[in-house]
Amino acid sequence: LDMNDDRLAKAKSFGDKLGKDIIVMNPAKVDVEKEIKAKIVRMEPLQPTVSIPHEKEIENWLNTHLTRLNVTLDERDAYFGASLFIDFFHSIQMWAVDADVSLFSPVSFDTTVDAGTLTMLDAFRMYRYETALYKMRLTGREIKDVLEMSYAMWTNRMTCPDDDALLLEYNMDGGCRKGVKNISLNMVSACGIVYTVDLSKEEGERVNILSFDDGREFSLDAFYTIVINSYHGNGGGGLLTKGAGILSSELPARIISITPKGLRDYLIEYLKREMSVTPSIISNWRFIPEEWTYAALKRDREIIFPLSI
């Protein structure tokens with residue numbers, strides 16, 4: 001993007017900052033001499049000077065009524081155990097794709113959708129990415145290893161009841177307050193299996209998968225089907241490659257099918273067909289030992305999401 005003879009680049013995912021590159025070249029030299037300067041340009045002060053085509057039509061479309069939501073969905077709950085927000089998406093994924101296990105993670109950190117009328121805009125707020133769903137073939141051990149990597153980025157090893165349950169660092173409010181250390185997009189949980197996450201254990205030893213929800217035995221050596229978004233299915237975040245140990249070149253061979261539409265399209269389709277929706281907890285996992293984690297998770301929630309915010 002050229003702006004006032006400057007070249008701007010790297011808007012990143014939310015477009016709140018741009019990189020500004022200034023390149024000075026001296027072609028008189030035998031070896032071309034280059035001087036490169038860079039700085040960050042914040043976008044808040046910049047106001048758009050062009051009108052948006054069909055703005056009113058877009059606004060009306062975004063306000064389209066989809067259904068009624070009977071309970072509030074709070075993505076913040078996702079970091080502290082099984083939650084309505086994440087489990088609603090597990091149910092959508094398993095409705096769209098017939099698989100043994102659903103894998104899903106928070107995508108926008110702290111979105112809240114209040115009970116009441118759900119609109120098209122709410123659907124975009126709930127899931128902002130243009131990702132398809134993959135049905136893939138993984139062994140039980142690979143599923144476990146995906147979860148081990150996820151919870152290693154998500155949780156802290158507790159050695160006493162006073163330790164943090166989540167993996168935190170001073171990265172909020174200019175380093176003055178603790179927040180989660182890693183991006184929420186890779187904090188994947190599973191639905192369809194019964195498992196515990198033992199925070200007293202070392203990384204790689206925390207996840208214990210007991211069975212499938214229906215009581216079937218879960219074997220580390222058997223192959224199962226999972227439903228996962230195309231970002232992670234293509235190796236994004238490293239959960240399937242670094243975590244499960246599958247080579248990037250081998251991922252396409254693990255894909256059984258790809259949905260013709262994106263996850264948000266299935267979300268909208270589901271909402272349109274229902275007069276009202278009442279999401280419920282359907283996943284079956286928990287943090288242990290609960291005599292440590294219950295109080296620690298409550299403390300961590302107050303640290304990450306203080307009541308004043």
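All values below were derived from every heavy atom in this structure, side-chain atoms included, with hydrogens, water molecules and symmetry-related copies excluded. Heads up: numbering here begins at 1 and tracks the sequence.
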Colleague: Would you call E203-R157 a salt bridge at under 4.0 Å N-O?
Modeller: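 So E203 does not pair with R157 through a salt bridge.
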Colleague: Can we say E269 and R273 salt-bridge, meaning some charged N sits less than 4.0 Å from an Asp/Glu carboxylate O?
Modeller: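 Salt bridge between E269 and R273, a charged N being under 4.0 Å from a carboxylate O: no.
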Colleague: Nearest 0.5 Å, please: how far is CD1 in I193 from CD1 in I143?
Modeller: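 Rounded to the nearest 0.5 Å, the CD1-CD1 separation comes to 6.5 Å.
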Colleague: Does a side-chain heavy-atom distance below 4.5 Å link T139 with L220?
Modeller: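 No. Closest side-chain heavy atoms not under 4.5 Å.
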Colleague: Verify the cluster assignment for I258 and V101: are they in a single hydrophobic cluster under the rule of side-chain heavy atoms below 4.5 Å apart?
Modeller: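 Same hydrophobic cluster.
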Colleague: In terms of heavy-atom contacts, does CD of E217 have more than 12 from other residues, nucleotides or ligands at under 6.0 Å?
Modeller: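 Not buried by this count: 12 neighbours or fewer within 6.0 Å.
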Colleague: Is the number of heavy atoms from other residues, nucleotides or ligands within 6.0 Å of NZ (K272) greater than 12?
Modeller: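 Open: at most 12 neighbouring heavy atoms sit under 6.0 Å from NZ of K272.
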Colleague: Dump the intermediate steps for side chain to side chain contact (heavy atoms under 4.5 Å, CB included) on D74 and F85, then the final yes or no.
Modeller: CA-CA 6 Å; D74 188 351; F85 194 105; over 6 Å; no
Colleague: State whether the side chain of R137 and the backbone N or O of T225 hold a donor-acceptor pair below 3.5 Å, judged by distance alone.
Modeller: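 Looks like no, no N/O pair under 3.5 Å.
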Colleague: Between the side chains of S83 and D77, is a donor N or O closer than 3.5 angstrom to an acceptor N or O?
Modeller: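 Absent: no donor and acceptor within the cut-off.
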Colleague: Under a 3.5 Å threshold, yes or no: a donor from one side chain and an acceptor from the other, between N63 and T119?
Modeller: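 Side chains of N63 and T119: no pair found under 3.5 Å.
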Colleague: Looking at G262, is its backbone amide N or carbonyl O close enough to the side chain of E130 to form a donor-acceptor pair, meaning the two atoms are under 3.5 Å apart?
Modeller: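 Flag not set: sc E130 to bb G262 has no pair under 3.5 Å.
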Colleague: Quick check: closest heavy atoms across V97 and K135, and the distance to 0.1 Å?
Modeller: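 Smallest heavy-atom distance, with atoms named: CG1-CB, 3.8 Å.
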Colleague: If we only count heavy atoms from C-beta on, is the P289 to D198 side-chain gap below 4.5 Å?
Modeller: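 When only atoms from C-beta onward are counted, D198 and P289 do touch, with a gap below 4.5 Å.
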Colleague: Would you find a donor on one side and an acceptor on the other, under 3.5 Å apart, between the side chain of E148 and the backbone of G243?
Modeller: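 Side chain of E148 to backbone of G243, a donor-acceptor pair under 3.5 Å: no, none is there.
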Colleague: Could you state the interatomic distance from CG (D87) to CD1 (I92), rounded to the nearest 0.5 Å?
Modeller: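 Going from CG on D87 over to CD1 on I92, the span is 11.5 Å.
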Colleague: Determine yes or no for a side-chain-to-main-chain donor-acceptor pair under 3.5 angstrom, with T259 supplying the side chain and L133 the backbone.
Modeller: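 Between the backbone of L133 and the side chain of T259 there is a qualifying donor-acceptor contact (under 3.5 Å).
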Colleague: Linking I/L/V/M/F/W/Y whenever their side-chain heavy atoms sit closer than 4.5 Å, directly or via other members, would Y266 and M120 fall into one cluster?
Modeller: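 Yes, Y266 connects to M120 through the hydrophobic network.
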Colleague: Can you see which heavy atom on T241 is nearest to which on L251, and at what distance?
Modeller: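 Closest heavy-atom pair between T241 and L251: CG2-CD1, 4.0 Å.
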Colleague: When rounded to the nearest 0.5 angstrom, what distance separates CG in L199 from OG1 in T293?
Modeller: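 One gets 6.5 Å once the value is rounded to the nearest 0.5 Å.
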Colleague: Looking at every heavy atom in both M158 and D163, which two are closest together, and how far apart are they?
Modeller: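 Smallest heavy-atom distance, with atoms named: CE-O, 3.4 Å.
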Colleague: Tell me whether R206 contacts the main-chain N or O of V197 through its side chain, where contact means a donor paired with an acceptor under 3.5 Å.
Modeller: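 No; judged by distance alone, with no hydrogens or angles, the pair does not exist.
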Colleague: For a 4.5 angstrom cut-off between non-hydrogen side-chain atoms, does L66 reach I268?
Modeller: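 Contact flag for L66/I268 side chains = yes.
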Colleague: Is there side-chain contact between S184 and E75, with heavy atoms separated by less than 4.5 Å?
Modeller: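 Of all side-chain heavy-atom pairs linking E75 with S184, none is under 4.5 Å.
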Colleague: I want to check something: taking the side chain as every heavy atom from C-beta on, are M275 and R68 in contact at a cut-off of under 4.5 Å?
Modeller: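 A side-chain contact under 4.5 Å is absent here.
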Colleague: Does a sphere of radius 6.0 Å around CG in D214 hold more than 12 heavy atoms from other residues, nucleotides or ligands, not counting ones at 6.0 Å or beyond?
Modeller: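 Yes, enclosed.
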Colleague: Test your reading of the model: is there a side-chain donor-acceptor pair from Y79 to the backbone of L297, 3.5 Å cut-off?
Modeller: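 A pair under 3.5 Å: no.
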Colleague: How are the rings of F218 and Y224 set to each other: parallel, tilted or perpendicular (split at 30° and 60°)?
Modeller: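 Parallel: the ring planes of F218 and Y224 meet at under 30°.
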Colleague: Can you name the closest pair of heavy atoms from M187 and V180 and give their distance?
Modeller: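 In terms of heavy atoms, the two residues are closest at CE-CB, 4.1 Å.
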Colleague: Any chain of hydrophobic side-chain contacts (each under 4.5 Å) joining Y270 to L118?
Modeller: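 Looking at the clustering, L118 is in the same group as Y270.
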Colleague: To the nearest 0.5 Å, tell me how far N156 CG sits from D164 CG.
Modeller: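 It comes to 6.0 Å.
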Colleague: Is it true that I282 and V188 fall in one hydrophobic cluster, defined by side-chain heavy atoms closer than 4.5 Å?
Modeller: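 No; V188 is not reachable from I282 via cluster members.
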Colleague: Would you call the rings of F89 and F104 parallel, tilted or perpendicular, where under 30° means parallel and over 60° means perpendicular?
Modeller: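 F89 vs F104 ring planes: parallel.
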Colleague: Considering only residues two or more places apart or on different chains, which pairs with a residue in residues 188-207 satisfy ring pair (Phe, Tyr, Trp, His ring centres under 6.0 Å)?
Modeller: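 Ring pair (Phe, Tyr, Trp, His ring centres under 6.0 Å) check on residues 188-207 returns Y195-W285.
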Colleague: With a 3.5 Å distance limit and no angle check, can you tell me whether Y129 reaches the backbone of L263 through a side-chain donor-acceptor pair?
Modeller: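 Not confirmed, Y129 side chain does not pair with L263 backbone.
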Colleague: Taking C-beta and beyond as the side chain, do R254 and L240 meet within less than 4.5 Å on heavy atoms?
Modeller: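 No. Closest side-chain heavy atoms not under 4.5 Å.
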Colleague: Tell me the closest heavy-atom pair linking N234 and Y134, and the distance in Å.
Modeller: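 In this case the closest contact between N234 and Y134 is OD1-OH, 3.0 Å.
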Colleague: Measuring from L239:CG to N186:CG, what's the distance to the nearest 0.5 Å?
Modeller: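 Going from CG on L239 over to CG on N186, the span is 5.0 Å.
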Colleague: Could you state whether I255 and L138 fall into the same hydrophobic cluster, counting links through intermediate Ile, Leu, Val, Met, Phe, Trp or Tyr residues with side-chain heavy atoms under 4.5 angstrom apart?
Modeller: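 Shared cluster, yes.
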Colleague: Hey, mind stepping through R216 and D100 against side chain to side chain contact (heavy atoms under 4.5 Å, CB included) and telling me if it holds?
Modeller: CA-CA 11 Å; R216 284 181 295 143; D100 295 311; 3.7 Å; yes
Colleague: Taking the side chain as every heavy atom from C-beta outward, state whether V227 and W95 have any atom pair closer than 4.5 Å.
Modeller: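 SC-SC contact between V227 and W95 ruled out.
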Colleague: Would you say the side-chain atoms of N229 pair up with the backbone N or O of T131, donor to acceptor, closer than 3.5 Å?
Modeller: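 Judged by distance alone, no pair lies under 3.5 Å.
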Colleague: Go through the steps for L103 and L147 under the test side chain to side chain contact (heavy atoms under 4.5 Å, CB included), then give the verdict.
Modeller: CA-CA 9 Å; L103 298 176; L147 293 173; 4.2 Å; yes
Colleague: Would a 4.5 Å heavy-atom cut-off, applied to side chains only, mark I183 and M153 as touching?
Modeller: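 Side-chain contact under 4.5 Å: no.
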Colleague: For a quick test of your reading: what N or O donor-acceptor pairs under 3.5 Å do the side chains of residues 52-62 make, sequence neighbours left out?
Modeller:
unit_1, atom_1, unit_2, atom_2, d
N60, ND2, K56, O, 3.4

Colleague: Should we say atom CZ of R299 is surrounded by more than 12 heavy atoms from elsewhere, each under 6.0 Å from it?
Modeller: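 Buried by this count: over 12 neighbours within 6.0 Å.
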Colleague: Quick check on Y294: does its OH atom have over 12 non-hydrogen neighbours (other residues, nucleotides or ligands) under 6.0 Å away?
Modeller: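 No, not enclosed.
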Colleague: Check for a donor-acceptor pair, side chain of S105 on one end and backbone N or O of L185 on the other, with a separation under 3.5 Å.
Modeller: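 Yes, the answer is positive, given that a donor and an acceptor are paired below the 3.5 Å cut-off.
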Colleague: Answer yes or no on whether R264 is positioned over the face of F124, meaning its NZ or CZ is under 6.0 Å from the six-membered ring centre and within 45° of the axis.
Modeller: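 Yes, cation above the ring, under 6.0 Å and within 45°.
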Colleague: Hey, could you give me the CG/OG distance between L84 and S280, rounded to the nearest 0.5 Å?
Modeller: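 The CG atom of L84 sits 7.5 Å away from the OG atom of S280.
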Colleague: Looking only at atom types and distance, does a side-chain atom of T67 sit under 3.5 Å from a main-chain N or O of E274, one as donor and one as acceptor?
Modeller: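 Checked: pair present.
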Colleague: Provide the closest heavy-atom pair for F80 versus F287 in the form atom of the first, atom of the second, distance.
Modeller: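 Shortest heavy-atom contact: C-CE1, 3.8 Å.
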Colleague: Yes or no on side chain to side chain contact (heavy atoms under 4.5 Å, CB included) for H90 and S189, after CA distance, side-chain angles and deciding distance?
Modeller: CA-CA 9 Å; H90 279 309; S189 65; 3.4 Å; yes
